[in-house]
Amino acid sequence: MQKYRTHTCGELRGKDVNSEIRLSGWIHRKRNLGGVLFVTLRDNYGITQVIAEPGTMAFKELDGIRVESVVTIDGIVRSRGDNINRDMPTGEIEVEAKAVILQSMADILPFQVADDDNSPETTRLAYRFLDLRREKLHHNILRRSQIIASIRRRMIEMGFQEFQTPILTSSSPEGARDYLVPSRLYPGKFYALPQAPQQFKQLLMVSGFDRYFQIAPCFRDEDARADRSPGEFYQLDVEMSFATQEDVFAAMENLMHGLFTEFSNWKVNKPPFPRIPFEDAMLKYGCDKPDLRLAAEIADVSDIFAASDFNAFKSIVENGGVVRALTVPNVADKSRKFLKDVEDFAKEAGAKGLASLIFADGEIRGSLAKPLSDATKAELKNRLGSKTGHGIFIIADNKDVASVILGKVRLHLADLLDLREKDSYRFCWIVDFPMFEKDEETGQTQFSHNPFSMPQGGMEALLTKDPLSIKAFQYDIVCNGVELSSGAIRNHRPDIMYKAFEIAGYDSSVVDEKFGGMIKAFKFGAPPHGGIAPGVDRMVMLLANEPNIREVIAFPMNQNAQDLLMQAPSEVTEKQLKELHLKIVRE
RNA sequence: GGAUCGGUAGUUCAGUCGGUUUAGAACGCCAGCCUGUCACGUUGGAGGCCGCGGGUUCGAGUCCCGUCCGAUCCGCCA
């Protein structure tokens, strides 16, 4: 007989009755009825009930072993007769224990594995191996593995090839803070961990590899969020030669639709996903990652107020401001306090106020009900398509803040009124990001996103147009209000690259110095190319419907970038420091 | 770096307006009883510097100040 097991704990069925078998696993629960002892044994594959008859050695031994200990049990498969448990896949049978070997005794647990008891995350992280035994987390991590396997299969089927790129590389001048690794051989010099394999994948395109992908680890020394792991995370890094923006979209739409359909029962919107220009997104949703499960859109109603006799808003429009409005259902029956709370929320978000117009049955309420004429109210109702039961929320302010605040109000109301479409993944593309923006403090024109993006209109646009009006071939893919990724058609032309950097205030020598490897490569025949890099952790989060990214990572760090299990970061020896030419300065 | 919320038994929580002798409950732990459980049931027991420091008060788990820790958000994340 095999040393540890003849079957897994999820395997035995009615057909196995009377077989002599051996199982190994963790003791999940114990139920001692005095005369008879039931033990459930768990492994990666499932749970099987074991029964120990009174007076046997097996009874005595199992009774003395704590839950979560690891045991090997020899026994005979028995039918459960009338006591079948329909909730368990193995519920038809149980194993009558004949011999028990204790492989590893468990201490008293810091939290229960068999129950989900909301233990504090600090404890769960310090005992991550126990937390990972628990059903939900164990399932999430297995699911992550299957999702990544499916991604690989789908990418390869589409003709992409997987590559590895260096982990020890050089510090990049833009973007996030780097993790640095001191060099032993070169005193005072450092490697950096890659924030993304951006330049390497572009170099692979210059090398003629055509279609690249990698499940790539990325390292950024920035503070954490619920959906952002500190330190490191994984991207599905993708790059394509001789590809237009639409080619990249088609490949990603095929992947995302297939993947999300495979791993979820929720609805997934069919390709092509909506393409929303950045400016439209900012106007209609007040942000560049709209949650499209929510139908409500923000509309500009400046013209209506400019023509009205409501002077408070009219004068704001006359002074260059805007009036933006949002109509939302299910608010007519809400209390005065509800409206006050929503207004307080808007004020907290930076609004000077939040006007409202509520279309209740037979009457119009809200702060604008009195001051506005019937004609203006009707026009607003018509413009926004409001129906009875709807409420219109209005902000008058300058162009940059009105929609942004209303966008926050939009999401807040969605939470309060439960307005999002259920069980649905709604993907969209945000396109036409501006190439440049003005730095508010210095007035300097700078890159608004990726400096490697190709400006729309190419060199001609850079030479002839107002830089702030130039769009880039830069895009984001968004799902349910979560930004999965940015991507771009790259700037593969050295002349256009130098010009773009010049507009952003950088001399050509800066380009040569900072991006030397890549610019050199572009001077020896570079294909037009572009790509994208969706966050793997965030895709798994969406598919597992988890609000916190740590629930889909086996060994995450806490918010303060510490690994509570492995005790990282940690001090190192004097010898190590000396070899690396480092001295610690205590402040 | 800033803001908000939180910190009471191993764990999850309750603890009223500052006032009841010994700060409670559930789960877990330890010891009994119990032969068909499915989160078994049942009896008993152990387990607490109420995060830490200071203050107000006749009296502080409760109020105030400071501090530490955690979560969430802002900054940051090309």
Side-chain angles (χ1 to χ4, degrees), chain A residues 28-40 47-56 59 63-64 66-68 78-88 90-91 94 96 106-127 130-131 135 172-178 194-196 198-199 218-233 235 348-350 408 433 435-437 446-453 472 474 476 483 486-488 490 500-501 504 514-515 533 535 538 547-550 558-562 564:
Chain A
H28 187 64
R29 287 185 201 281
K30 281 165 66 179
R31 292 182 284 273
N32 187 347
L33 275 62
V36 61
L37 171 66
F38 294 101
V39 163
T40 44
I47 296 181
T48 300
Q49 176 163 288
V50 174
I51 179 170
E53 294 287 354
T56 61
F59 184 105
D63 193 40
R66 228 179 257 124
V67 290
E68 293 306 315
R78 301 294 190 203
S79 167
R80 287 220 213 167
D82 295 337
N83 297 311
I84 286 178
N85 185 340
R86 307 249 170 236
D87 297 331
M88 287 172 82
T90 61
E94 61 196 0
E96 186 186 332
D107 245 323
I108 293 169
L109 302 168
F111 51 78
Q112 297 308 299
V113 170
D115 299 304
D116 201 347
D117 65 353
N118 292 324
S119 321
E121 202 171 15
T122 309
T123 315
R124 292 176 50 207
L125 289 170
Y127 294 89
L130 287 180
D131 202 16
E135 190 179 4
S172 60
E174 304 246 348
R177 211 174 283 118
D178 282 314
Q195 294 182 23
Q198 181 67 34
Q199 294 191 56
C218 303
F219 305 90
R220 293 177 193 175
D221 188 1
E222 295 294 349
D223 291 338
R225 287 290 180 277
D227 64 351
R228 201 168 79 205
S229 198
E232 54 184 84
F233 61 96
Q235 286 182 339
E348 199 133 308
K408 288 177 181 164
F433 279 87
M435 183 81 193
F436 300 101
E437 65 188 14
Q446 60 184 16
F447 289 113
S448 58
H449 289 86
N450 189 327
F452 306 132
S453 301
Q474 163 96 35
D476 281 2
E483 183 196 320
S486 280
R490 318 298 173 189
F501 272 85
K514 298 294 188 187
F515 308 107
R538 285 194 184 168
N548 190 308
I549 202 162
R550 292 185 292 273
N558 69 4
Q559 189 176 237
N560 299 322
Q562 297 165 307
L564 297 178

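Hydrogens, waters and symmetry mates are skipped; everything else that's a heavy atom, side chains included, is used. Below, chain A is the first sequence line, B the second, and so on; all start at residue 1. Everything numeric in this text was worked out from a predicted model, so none of it was measured.
Spacing between atom CG of A:Asp227 and atom P of B:C76 amounts to 16 Å, rounded to whole angstrom units. Spacing between atom CG of A:Asn548 and atom C1' of B:C73 amounts to 14 Å, rounded to whole angstrom units. For the pair A:Asn558 CG and B:U72 C1', the computed distance is 14 Å after rounding to whole Å. Distance CG (A:Asp107) to C1' (B:C29): 12 Å, rounded to an integer number of Å. Residue A:Glu121 contributes atom CD, which lies 17 Å from atom P of B:G7 at whole-angstrom precision. As a whole-Å value, the separation of A:Leu33 CG from B:U42 C1' is 11 Å. Atom CG of A:Asp115 and atom P of B:C27 are 11 Å apart (whole Å). The nearest whole Å value for the distance from the OH atom in A:Tyr127 to the C1' atom in B:G10 is 9 Å.
Shown here for A:Met88 and A:Ile47, the closest heavy-atom pair between the two residues is CE-O, 3.4 Å. Listed here is the closest heavy atom pair of A:Ala500 and A:Met435: CB-CE, 4.4 Å. When all heavy atoms of A:Gln195 and A:Phe233 are compared, the pair lying nearest together is O-CZ, 4.5 Å.
The aromatic ring of A:Phe38 sits over the base of B:U37, with ring centres less than 5.5 Å apart and planes inclined by under 30°.
With a 3.5 Å ceiling on both atom-pair distances, the Watson-Crick or G-U wobble partner of B:G1 is B:C74. For B:C30, the paired base is B:G44 (Watson-Crick or G-U wobble, both distances below 3.5 Å).
Within the 4.0 Å cut-off from OP1 or OP2 of B:U35, not a single side-chain nitrogen or oxygen of A:Arg31 is found. Within the 4.0 Å cut-off from OP1 or OP2 of B:U72, at least one side-chain nitrogen or oxygen of A:Gln559 is found. Taking only side-chain nitrogens and oxygens, A:Arg220 never comes nearer than 4.0 Å to OP1 or OP2 of B:C76.
Between the side chain of A:Arg228 and the base of B:C77, a donor-acceptor pair under 3.5 Å is found. For A:Glu53 against B:U35, no side-chain N or O and base N or O form a donor-acceptor pair under 3.5 Å. With hydrogens and angles ignored, no donor-acceptor pair under 3.5 angstrom links the side chain of A:Arg86 to the base of B:C38. Judged by atom type and distance alone, A:Gln562 does not reach the base of B:G70 through any side-chain donor-acceptor pair under 3.5 Å. With hydrogens and angles left out, the side chain of A:Asp223 and the base of B:G75 share a donor-acceptor pair within 3.5 Å. A donor N or O paired with an acceptor N or O is found under 3.5 Å between the base of B:G75 and the side-chain atoms of A:Arg225.
Comparing the C1' positions of B:C33 and B:C13 gives a spacing of 30 Å, expressed to the nearest Å. The same atom, C1', is picked in B:U12 and in B:C29; the two are 16 Å apart, to the nearest Å. To the nearest whole angstrom, the two C1' atoms, one in B:G1 and one in B:A39, are 47 Å apart. When the P atom is used for both B:A9 and B:C76, the distance is 39 Å, rounded to whole Å. Using atom C1' as the reference point in both B:U62 and B:U16, the two lie 10 Å apart (nearest Å). Separation of the P atoms belonging to B:U4 and B:C65 is 12 Å when rounded to the nearest angstrom. When the P atom is compared between B:G6 and B:G51, the two are found 13 Å apart, to the nearest whole Å. Annotation: B:G7 and B:C63 have their P atoms spaced 11 Å apart (nearest Å).
Interatomic distance, A:Ile549 CD1 to A:Arg228 CZ, rounded to the nearest 0.5 Å: 10.0 Å.
Closest to the side chain of A:Asn32, from the set B:C38, B:A39, B:C34, is B:C34. Distances were taken from every side-chain heavy atom of A:Pro451 (C-beta onward) to each of B:A78, B:C76, B:U35; the shortest belongs to B:A78. Residue A:Thr122 places its side chain closer to B:G70 than to any other of B:G70, B:C38, B:G28. When distances run from any side-chain atom of A:Gln49 to the nucleotides B:U35, B:A78, B:G36, the shortest one goes to B:G36. The side chain of A:Arg66 approaches B:C29 more closely than any other nucleotide in the set B:C77, B:U37, B:C29. The nucleotide whose nearest atom lies closest to any side-chain atom of A:Met88 is, among B:U35, B:A39, B:C38, B:C38.
Residue A:Gln198 is classed as a base contact, given a heavy-atom separation below 4.0 Å to a base. Contact annotation for A:Arg80: base contact, defined as any heavy-atom pair under 4.0 Å involving a base atom. At a threshold of 4.0 angstrom between heavy atoms, the contacts of A:Arg550 are confined to the sugar-phosphate backbone, with no base atom among them.
Where A:Pro110 and A:Val67 meet RNA chain B, the nucleotide closest to each residue was compared, and A:Pro110 sits on the side nearer the 5' end. For the pair A:Ile51 and A:Thr123, both in contact range of RNA chain B, the more 5′-proximal nearest nucleotide belongs to A:Thr123.
Counted within 6.0 Å of NZ on A:Lys30, heavy atoms from surrounding residues, nucleotides or ligands total more than 12; the atom is thus considered enclosed.
Salt-bridge check for A:Arg177 with A:Asp223: failed, with every basic side-chain N at 4.0 Å or more from each acidic carboxylate O.
A side-chain donor-acceptor contact under 3.5 Å links A:Asn558 to the backbone of A:Asn560.
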Problem set entry | Full working for side chain to side chain contact (heavy atoms under 4.5 Å, CB included) between A:Arg29 and A:Asp115 | CA-CA 10 Å; A:Arg29 287 185 201 281; A:Asp115 299 304; 3.3 Å; yes

